[in-house]
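Here is the structure we will look at.
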Amino acid sequence: MSKSLFSADPKAGYLAHADEIRAAIDRVLASGHYILGPEVEAFEREFADYHGNGLVIGVANGTEALELALRGVGVGAGDAVATVANTVTATVAAIEQIGARPVFVEIEADTMLMSVSALEAVLAEEGGRVKAVVPVHLYGQPAAMPAIVESAGRHGAKVVEDCAQSHGAVIAGRQAGTWGDAAAYSFYPTKNVGALGDGGAVFTRDAAVAEKIRMLRQYGWRQRYVSEIPGRNSRLDELQAAVLRVKLKHLDAENAVRRSRAARYLQLLAPASLRLPAVAPGAGPVWHQFTVRTPQREALRTRLAERGIHCGVLYPVPVHHQPAYARPSCHLPETERACAEVLCLPVHPAVTEADVDRVCGEILRWASS
Ligand SMILES: *Cc1c(COP(=O)(O)O)cnc(C)c1O
């Protein structure tokens, strides 16, 4: 029996760097700083440098990174925020936490990313009520940022990028996260940069936005014990920041492994009757997921699971069909079709070339049976 393979494997991310992570944790334990200390500051600086320049604010998780980024760029109660529905409900939960109103935008059939023409239609229809646009760089594939930023700008809307799956992705020669007014990152353990617990961050090049988010994440303080604005606790802790500094050092090398595995999938699966991921011109994806499509998704998923290959489905139910966010009048046929067909194959850095060959062998056998 060959080993079990999983499309999400949190332990693999620890084992790959166990010695470095243990050393980092020991350093924090001995330091006596456990919340918002030198490790968080160093990580914020290093992650900002990773974007060329700019400012990073470490926060508690990706959902709050989105919420605080939206608040930071000026979104308030009653504002409309345009985003996609083929995302984790966290994207929409962040919008609703503010009392803002999510407006769903259809996706492109080939890339499964926000459609620029659909966005343009929503912005025109809402006539200035959309305060921000939240493109999601789903599966590590960067959305069409040049056109999205242009369209949003023309309608007076800010752009907050959901970078939870896109650490290091590039589009049109520029890193995802650096196009909008702010970008929100998650460091959930299985993301391309993963903590050993929860973590998140906001990136921005706007000092005023950064200052506001910094205050929001801790009680509205600029100065200790002076709450200038209503704030909250959304802090990143020192242990997670120390782990994230280790993970960040390895990000480019690990993204290169993901790229190499994805290239092999694309090559070996070309003959299979599956829809393979489409990469837009000028896009440099980081393959958070390698997502194929077939109307027989459940049959393929079951077959692979029987062979010890456990594939995720990101996401089986679009947000506008979720009980908490149901919009009976909202019709997004491409989004709904994508959610019914997607299957995420194992592509994380612990997946070997031989593993990819084995997965492809099983898929090709299934496809010809
Ligand atoms: C993971 C994820 C989030 C939420 O991040 P958490 O850290 O779990 O709060 C938001 N958006 C997308 C696209 C994600 O993949």
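In this text the structure is predicted, and so the values were computed from the model without any measurement. For the numbers below, each heavy atom of this structure counts, side chains included, while hydrogens, waters and symmetry mates do not. Order of appearance sets the numbers: ligands from 1, and atoms from 1 within every ligand.
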Which of the atoms in ligand 1, numbered in the order shown and given with their element, are less than 4.0 Å from a heavy-atom of [X]?
X      : value
Gly62  : 5 (O), 6 (P), 7 (O), 9 (O)
Val88  : 2 (C), 3 (C), 10 (C), 11 (N), 12 (C), 14 (C)
Tyr315 : 15 (O)
Ser186 : 1 (C), 5 (O), 6 (P), 7 (O)
Thr87  : 13 (C)
Val136 : 13 (C)
Thr91  : 11 (N)
Thr63  : 4 (C), 5 (O), 6 (P), 9 (O)

**Message:** Please determine whether any non-hydrogen atom of Lys191 lies less than 4.0 Å from an atom of ligand 1.
**Reply:** yes

**Prompt:** Should the pair Phe47 and His51 be assigned to parallel (<30°), tilted (30 to 60°) or perpendicular (>60°) ring geometry?
**Reply:** perpendicular

**Asked** Does Glu362 come within less than 4.0 Å of Arg303, counting only side-chain N to carboxylate O?
**Response** no

**Message:** Tell me the protein heavy atom at minimum distance from atom 13 (C) of ligand 1, and give that distance in Å.
**Reply:** Asp162 OD2, 3.4 Å

Give a yes or no on whether the backbone of [Y] and the side-chain of [X] come within a donor-acceptor separation of less than 3.5 Å.
X      : Y      : result
Tyr265 : Pro346 : yes
Gln322 : Val317 : yes
His348 : Phe6   : yes

**Message:** Any nitrogen or oxygen of Tyr188 lying under 3.5 Å from a nitrogen or oxygen in ligand 1? Just yes or no.
**Reply:** no

**Prompt:** Hey, is ligand 1 close enough to Leu66 that some N/O pair sits below 3.5 Å?
**Reply:** no

**Complete:** By side-chain contact (heavy atoms from CB on, under 4.5 Å), Ala24 pairs with (sequence neighbours left out) Arg27, Ala242, Val246

**Message:** Show, in sequence, the C-alpha distance, side-chain angles and deciding distance for Phe187 and Phe43, and conclude whether the ring pair (Phe, Tyr, Trp, His ring centres under 6.0 Å) test is met.
**Reply:** CA-CA 12 Å; Phe187 305 119; Phe43 173 69; 5.4 Å; yes

**Asked** Apart from Val160 itself, which Ile, Leu, Val, Met, Phe, Trp or Tyr residues share its cluster (side-chain heavy atoms under 4.5 Å, direct or through members)?
**Response** Ile57, Val59, Leu66, Leu68, Leu70, Val73, Val75, Val81, Ile95, Ile98, Val134, Val202, Val209, Ile213, Met215, Leu216, Ile229

